[in-house]
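Structure record follows, encoded as structure tokens.
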There are 2 protein chains.
Amino acid sequence: MKLNDITIKDIAERANVSKSTVSRVLNDLAIVNPKTRQTVLEAVESLGYQANVFARGLASGRSMTVGIVTQKIGSPFYDMMMQGVIQGFTGTGYSPIFVDGQWEQSTELDVIRTLLGRKVDGLILLGGDISQKDLDTLRDRLPTIVVGRDVPGWENQCVYVDNFSGAYDATRHLIEFGHRNIAIIRGITHHQDAIRRFQGYAQALSDASIELDPDLVLDGNFSAQSGILAINSLLMRGKSFSAVFCANDMVAYGARLALQRKGIRVPEDVSIVGFDDQAESSYVSPPLTTVRQPGVEMGGVAAKGLVKLMQGETCELPVMKAELQRRESVSRITTP
Amino acid sequence: MKLNDITIKDIAERANVSKSTVSRVLNDLAIVNPKTRQTVLEAVESLGYQANVFARGLASGRSMTVGIVTQKIGSPFYDMMMQGVIQGFTGTGYSPIFVDGQWEQSTELDVIRTLLGRKVDGLILLGGDISQKDLDTLRDRLPTIVVGRDVPGWENQCVYVDNFSGAYDATRHLIEFGHRNIAIIRGITHHQDAIRRFQGYAQALSDASIELDPDLVLDGNFSAQSGILAINSLLMRGKSFSAVFCANDMVAYGARLALQRKGIRVPEDVSIVGFDDQAESSYVSPPLTTVRQPGVEMGGVAAKGLVKLMQGETCELPVMKAELQRRESVSRITTP
DNA sequence: TTATTTACTGAAACCGGTTGCAATCAGGTG
DNA sequence: CACCTGATTGCAACCGGTTTCAGTAAATAA
């Protein structure tokens, strides 16, 4: 906890060399006599020198910071990814700067502009809505990785989870347990994840020769409140159903509560599955069967990958698997 | 989404003035002829000029970034505060850099050093463990605000919630509902918040002339898992109890689950109250009675306050009130 | 009319690094 | 011994702003 106004010049004097030599030692980008090198390093050590980031940035053009654009800080899945990103960058010398795009194109472009203004060396977009065109422009400008979004043509700069198969597995699980009338509460209509999950759901039904009943398809917005609303309107319709596949865990929480308020038990009367597997889901009542998104891993993978990109190497990014976590919110249907 | 390598020199040429004048207009720290000013601004506008942060930082010493030290990204309360911090800074021109101290003194000092190396203009510590001495040193060096921690002598640089009275109110609520045998699952032993909450609990009991029974005091670590463990060991002791005050909501979730697993109903058999009021708590079963910590507000207040400090003004920081949210996890005791 | 301000503006010196280019030095070669 | 090489190292020119200081022209005071 000590401050220092030691500059490279001080080091140079102390070691009896020129600024240039000190700089070379520090960045080892040229051959320096081992003995000189040693002297310089000792001077650095004993004076507790730390390079001034501004000067370095101004001269070299690199900032050693990366911009992270997230959507809705405070939502469980994005928080997991952020956590992973931070972990992924610790020890690499890069510092992440976080900004919030709030799921709004214009806001997102704004904050990206801010980041560019700050001369970040790379960019990680967690989700987001901006157009492929903007994305491509961005990529031309600096190393960029998109997480939680599958962008055509970005094969090795995308980390995303296979929403389709996750939803497929979840729905299939319900079907295997005897459910035929499976409602779905979708996420935000134009949201890519939401669309994929719906497709997985539809495919699973179709593969089991169950006709998709439009009356069992409800719209939501990923919030618990929207789960409540959806269940209420579903009950109004009077259609019978024995299971609900929810866009995410928060929606599932809302759905469960709404059902309970009407005296409908979960899972005895109606089964529920969610998506995300946020931390709370193991402990709610009943513990929620859900599809686990490896948010932390995704963030970590993205960070490590970006570091490689920024160093001019290429990187391979794995497609993350969304795995079903079977818990207690789904029960077997005994007799129809 | 357009890149620009426009420098102040380009603006100067375009407007037929010197770099100095452009700089003056941009920072309006000297009188400039309105007409000249206008010309410069037009040039800036039409070329889409954006100042280079490195150059500005190097010359002025200010970075327009602030460091935010958090503990455990991904934990609900810290996430709320982060969210508030981000909101608080948007539009101020300052960008937050987040680092994670992980509730470890040495890590925390490390990351703070990193931030200092990045020449942040100010610091917000969300929670944390570092010594008052280090804190004081830090404060001498640059504007600093501590959130979620009550530091003696830092009257206007601390944002914290009154844990004592929050816990007091929660316990008192249980007492008013007829409970006498109230267990408590504490947070991490040396954690200040945990200590205050325990004191509030103890005081409420004492004020109601209920003797504090050491057998009803359990230790936990703020995790759901620790709630489960605590309940199990409480049940082993064979002591009877009708209510549990939990260190935070996650612990309450765990506790509820553990009780249910033993066939004990909440709230019919045992009442539970938590602390935090994280987003899920309204929707779990039963909706959790808990003490609301205004995390987002706290983060926002801290950010706004820090901006004032960085501008050389003083700031007044309110003590945040922790308010009891009455929901359905507490029931009246009818007959003993 | 002349002396003084006042209002603006420009030149140039930083800020603390990086980097291209030239210079120096030691060892090897003919 | 003169010449050539490669290894090292220093000089000085940036990078793109901010800020001090001096200078000019117009305005006010004497």
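Letters A, B, ... are given to chains in the order of the sequence lines, protein chains preceding strands, and every chain is numbered from 1. Side-chain atoms are counted along with the backbone in the values below, which use heavy atoms only and exclude waters and symmetry mates.
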Could I get a table of every N or O pair under 3.5 Å where one atom is in the protein and the other is in nucleotides 24-29 of chain D?
none

[Y] backbone acceptor or donor facing [X] side chain under 3.5 Å:
{"X": "A:Thr144", "Y": "A:Leu142", "result": "yes"}
{"X": "A:Asn27", "Y": "A:Ser23", "result": "yes"}
{"X": "B:Glu108", "Y": "B:Asp129", "result": "yes"}

### Task
Go through the side-chain N and O atoms of A:Arg118 and A:Ser63 and say whether any donor and acceptor fall under 3.5 Å apart.
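No, because no side-chain N or O of A:Arg118 sits under 3.5 Å from a partner of the opposite role on A:Ser63.
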
### Message
For B:Thr21 and B:Arg37, which I'm curious about, is there any donor-acceptor pair between the side chains at under 3.5 Å?
### Response
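Checked: B:Thr21/B:Arg37 side chains show no N/O donor-acceptor pair below 3.5 Å.
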
### Query
What string of B, S and - do you get for nucleotides 6-18 of chain C 5' to 3' if you count protein non-hydrogen atoms under 4.0 Å?
--SBBBB--BBBB

### Message
With a 6.0 Å cut-off (strictly less than), is the heavy-atom count around OH of A:Tyr160, excluding the residue itself, greater than 12?
### Response
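Incorrect, the count does not exceed 12.
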
### Query
More than 12 heavy atoms of other residues, nucleotides or ligands under 6.0 Å from CZ of A:Arg62: is that the case?
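Counting other residues, nucleotides and ligands, CZ of A:Arg62 stays at 12 neighbours or fewer.
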
